[in-house]
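For reference, the structure discussed in these notes is given below.
Since the model is a prediction, treat every value here as computed from it, not as a measurement.
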Amino acid sequence: MANICSFSMKVRGEHDNIEKFYNAMMQNGNVYMGRGADAEINYNDEDDTAHIDGGCKWSIVSAMVDNAISMRSNPDRWWWGDSVDYKSLEFITLWEACKRWNIDMEVYSEESGCCFQEHFVVVNGDLICEECVEWNEYWIVFLY
């Protein structure tokens with residue numbers, strides 16, 4: 001089983017485009033943002049933003065970038081289940097999704113099992129921040 005990477009993302013764009021972006025992330029429809037994520041969205045139509053909080057397998061880059069490229073170039077290596085015809089699907093990366101739907105995006109992630117945090121920012125279709133740092137989580141137990 002993969003380690004689960006938790007993330008918090010803020011996106012800005014037109015409501016319909018944010019919805020398309022989110023559907024691709026959730027693998028709803030025929031456009032898949034790689035392996036996707038399990039996430040919830042909260043829209044704020046007053047300022048054309050939404051918050052997406054959830055988790056994905058391994059890391060943001062692995063699940064929504066590297067896996068999208070692998071699915072596109074080597075679909076026979078992936079198991080799709082009995083009811084999915086992968087030939088009818090389109091695979092896009094997180095970066096490509098931001099550009100396609102004119103979404104500005106900032107995401108922070110953390111995965112304590114592999115000891116890292118990620119931070120990415122996409123503005124006007126350009127990846128302007130790409131950081132991954134070592135991160136540890138400690139549980140301190142006090143015995144009385």
Query raised in the report: Is the shortest heavy-atom distance from the side chain of Phe21 to the side chain of Met33 under 4.5 Å?
Result: yes

**Report entry** Asp76: partners by side-chain contact (heavy atoms from CB on, under 4.5 Å), with sequence neighbours left out
**Finding:** Tyr86

Report summary line: Taken to the nearest 0.5 Å, the spacing of Lys99 NZ from Asn124 CG works out to 10.0 Å

**Report entry** side chain to side chain donor-acceptor pair (under 3.5 Å) partners for Ser6, two or more places apart
**Finding:** none

Query raised in the report: Out of curiosity, Gln117 CD to Asn136 CG, how far, rounded to the nearest 0.5 Å?
Result: 9.5 Å

Report task. Determine, using the 4.5 Å side-chain heavy-atom cutoff (strictly less than), whether Val107 and Met26 are members of one ILVMFWY cluster. Result -> yes

Query raised in the report: Is the shortest heavy-atom distance from the side chain of Ile41 to the side chain of Ile18 under 4.5 Å?
Result: yes

What donor-acceptor contacts under 3.5 angstrom involve side-chain atoms of residues 7-17, with partners at least two apart or in another chain?
{"unit_1": "Ser8", "atom_1": "OG", "unit_2": "Asp53", "atom_2": "OD1", "d": "2.8"}
{"unit_1": "His15", "atom_1": "ND1", "unit_2": "Asp45", "atom_2": "OD1", "d": "2.8"}
{"unit_1": "Asn17", "atom_1": "ND2", "unit_2": "Trp101", "atom_2": "O", "d": "3.2"}

Query raised in the report: Are side-chain heavy atoms of Ser62 and Asn67 found at a separation under 4.5 Å?
Result: yes

Query raised in the report: Could you give all pairs that pass the salt bridge (Lys or Arg N to Asp or Glu O under 4.0 Å) test and reach residues 125-144, with sequence neighbours left out?
Result: none

**Report entry** Donor-acceptor contact present, side-chain Tyr32 to main-chain Met71, <3.5 Å
**Finding:** no

Report summary line: Minimal heavy-atom distance between Gln27 and Gly36, with the atoms involved, is NE2-N, 3.9 Å

Report summary line: By side chain to side chain donor-acceptor pair (under 3.5 Å), Trp78 pairs with (sequence neighbours left out) Ser70

Query raised in the report: Which residues satisfy the side-chain contact (heavy atoms from CB on, under 4.5 Å) test with Arg100, sequence neighbours excluded?
Result: Val31, Glu90, Ile92

**Report entry** Closest heavy-atom pair and its distance - Met105, Cys98
**Finding:** CB-SG, 3.7 Å

Query - Euclidean distance, Glu110 CD relative to Cys115 SG, rounded to 0.5 Å - result: 12.0 Å

Report summary line: Smallest heavy-atom separation, Gly113 atom then Glu111 atom, equals N-OE2, 2.8 Å

Query raised in the report: Do Arg72 and Ile69 come within less than 4.5 Å of each other through their side chains, counting heavy atoms only?
Result: yes

Query - Side chain to side chain, Val122 and Asp104, heavy atoms closer than 4.5 Å - result: no

Query raised in the report: Residues in side-chain contact (heavy atoms from CB on, under 4.5 Å) with Glu118, at least two apart?
Result: Cys5, Ser59, Ile60, Val61, Ser109, Phe116, Phe120, Cys132

Report task. Step by step, work out the side chain to side chain contact (heavy atoms under 4.5 Å, CB included) result for Asp66 and Trp58. Result -> CA-CA 11 Å; Asp66 295 343; Trp58 301 115; over 6 Å; no

Query raised in the report: Would a 4.5 Å heavy-atom cut-off, applied to side chains only, mark Ile52 and Glu40 as touching?
Result: no

Requested in this report: Mind checking side-chain contact (heavy atoms from CB on, under 4.5 Å) for Tyr108 and listing every partner two or more places apart, or none if nothing turns up?
Outcome: Glu106, His119

Query raised in the report: Hey, what do you get for CG (Asp38) to CE (Met25), rounding to the nearest 0.5 Å?
Result: 11.0 Å

**Report entry** Residues that, via side-chain heavy atoms closer than 4.5 angstrom, fall in one hydrophobic cluster with Val121
**Finding:** Val123, Ile128

Report task. Kindly determine whether Met64 and Cys56 satisfy side chain to side chain contact (heavy atoms under 4.5 Å, CB included), including the steps that lead there. Result -> CA-CA 8 Å; Met64 293 186 250; Cys56 61; 4.1 Å; yes

Query raised in the report: From Leu89 CG over to Asn30 CG, what is the distance, rounded to the nearest 0.5 angstrom?
Result: 6.5 Å

